[in-house]
Amino acid sequence: MPNDSIANETPVGESKKGYRRILLKLSGEALAGSEGDSKFGIDAQTLNDVCKEIAAVVESGTQVAIVVGGGNFFRGISASESGIERATADYIGMLATVMNALAIQQGLKQIGLGARVQSAIPISPVSEPYVRLRALKHLNLGRVVIFAAGTGNPYFTTDTAASLRAAEINADVLVKATKVDGVYDSDPAQNSAARRYDRVTYDEVLQKRLGVMDATAIALCRDNNLDMRVLSINEEGALTRMAQGHNIGTVISSS
Ligand code: UDP
């Protein structure tokens, strides 16, 4: 299998301790500002802050692949409720993720990091198509790979795309970076007595409807024995400390 030698090139900067390769799921909203209208679109300062967090992880010796959402621009299911055909609305949503992916690629390049967008819907002038072995080659060369356009199929979410790509690239962990620092038994923004889980199983997440990711994404992780960590992208250095093996946020596992 000649192509396997591409995928198995000697990795750049492997972590001695902690994770060798992570798949980071960023929601579109993680790139938007936090106030008023700035929740829509891309906020330059927020983008820069997120890119610095990602760069620190790569510099600490962990390979990073990203799946980015598009909810800061468009969500298919919401648009379909106001009359746009669901499949078309979902394609619009997938294209929204491409805008975010290009912004992250640019943000990373500006701070000196190699990055490549790979889109599940081919858009040749602006991105590479998704090619698994090529993605692995980029990662092994120390580049960040940003997977855009979700799974390429309507009726899915970028959470499911994150589980799928994480399994495909043999990521050690899927990291869901949110505005909250872990999984809680109720919404901490609404309930000051909400309790944060240190560890929880995928079955518990499904049974208790903890709202971490959609059921398809959770089932894919569970069935492939892929651990997930939920942590805050707004907590400076948290992502790097996690990648280095510190116990940050909530761990979700099959058992
Ligand atoms: N989407 C899709 N198929 C996929 C991934 C995403 O149809 O495989 C569409 C869907 O309409 C979704 C939108 O893209 O609402 C944006 O993705 P998502 O809602 O997951 O973004 P996030 O909430 O993470 O920002």
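Note that these values count all heavy atoms, side chains included, but never hydrogens, waters or copies made by symmetry. For the single chain, residues carry numbers from 1 onward in sequence order. Order of listing sets the numbers, starting from 1, for every ligand and every atom in it.
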Visitor: What heavy-atom pair brings Val126 and Leu102 nearest, and what distance separates the two atoms?
Guide: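 What the structure gives for the nearest pair is O-CD2, 3.5 Å.
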Visitor: Identify which one of Val145, Thr160, Val67 satisfies the side-chain contact (heavy atoms from CB on, under 4.5 Å) criterion when paired with Arg165.
Guide: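 Answer to the side-chain contact (heavy atoms from CB on, under 4.5 Å) test with Arg165 among Val145, Thr160, Val67: Val67.
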Visitor: Could you tell me which atoms of ligand 1, counted from 1 in the order shown, lie closer than 4.0 angstrom to a heavy atom of Phe74?
Guide: 13 (C), 16 (C)
Visitor: Counting from 1, what ligand 1 atoms have a heavy atom of Arg75 closer than 4.0 Å?
Guide: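 Taking each heavy atom of Arg75 in turn, ligand 1 has 15 (O), 19 (O), 22 (P), 23 (O), 25 (O) under 4.0 Å.
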Visitor: Taking N or O atoms only and a 3.5 Å limit, does Gly28 qualify as a polar contact for ligand 1?
Guide: yes
Visitor: Considering only heavy atoms of Ser27, which atoms of ligand 1 have at least one such atom less than 4.0 Å away?
Guide: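 So the atoms of ligand 1 that pass are 24 (O), 25 (O).
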Visitor: Identify, for atom 21 (O) of ligand 1, the protein heavy atom at the shortest distance, and state residue, atom and that distance.
Guide: Gly70 N, 3.0 Å
Visitor: Would you call Arg75 and Glu81 a salt bridge, using N to O less than 4.0 angstrom?
Guide: no
Visitor: Going by the order shown, which atoms of ligand 1 are within less than 4.0 Å of some heavy atom of Asn153?
Guide: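 In order of numbering, the contacting atoms are 2 (C), 3 (N), 4 (C), 7 (O), 8 (O).
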Visitor: Under 4.0 Å between a side-chain nitrogen and a carboxylate oxygen: does that hold for Arg196 and Asp181?
Guide: yes
Visitor: Does an N or O from Thr158, backbone or side chain, lie closer than 3.5 Å to an N or O of ligand 1?
Guide: yes
Visitor: Measure from the ring center of Tyr184 to the ring center of Tyr197 and say whether it is less than 6.0 Å.
Guide: no
Visitor: At the 4.0 Å heavy-atom cut-off, does Tyr91 count as touching ligand 1?
Guide: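 Tyr91: no contact with ligand 1 (<4.0 Å).
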Visitor: Tell me, with the steps shown, if Met228 and Val173 meet side chain to side chain contact (heavy atoms under 4.5 Å, CB included).
Guide: CA-CA 5 Å; Met228 189 191 306; Val173 67; 5.6 Å; no
Visitor: List the atom of Asp172, the atom of Tyr19, and the distance in Å for their closest heavy-atom pair.
Guide: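 Taking every non-hydrogen atom into account, CB-CD2, 3.6 Å.
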Visitor: Under 4.0 Å from a heavy atom of Gly71: which atoms of ligand 1 are those, numbered in the order shown and with their elements?
Guide: 21 (O), 22 (P), 25 (O)
Visitor: Atoms of ligand 1 less than 4.0 Å from Pro154 heavy atoms?
Guide: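 Near Pro154, the atoms of ligand 1 are 7 (O).
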Visitor: What do you reckon, does Gly76 have a nitrogen or oxygen under 3.5 Å from a nitrogen or oxygen of ligand 1?
Guide: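 Checking ligand 1 against Gly76, an N or O pair does fall under 3.5 Å apart.
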Visitor: For Thr151, counting its heavy atoms only, list the atoms of ligand 1 lying under 4.0 Å from any of them.
Guide: 4 (C), 8 (O)
Visitor: Output the list of atoms in ligand 1 that are nearer than 4.0 Å to some heavy atom of Gly69, sorted by atom number.
Guide: 21 (O), 22 (P), 24 (O), 25 (O)
Visitor: Check contact between Ala161 and ligand 1, using heavy atoms of the residue and a distance below 4.0 angstrom.
Guide: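 Distance cut 4.0 Å: Ala161 fails for ligand 1.
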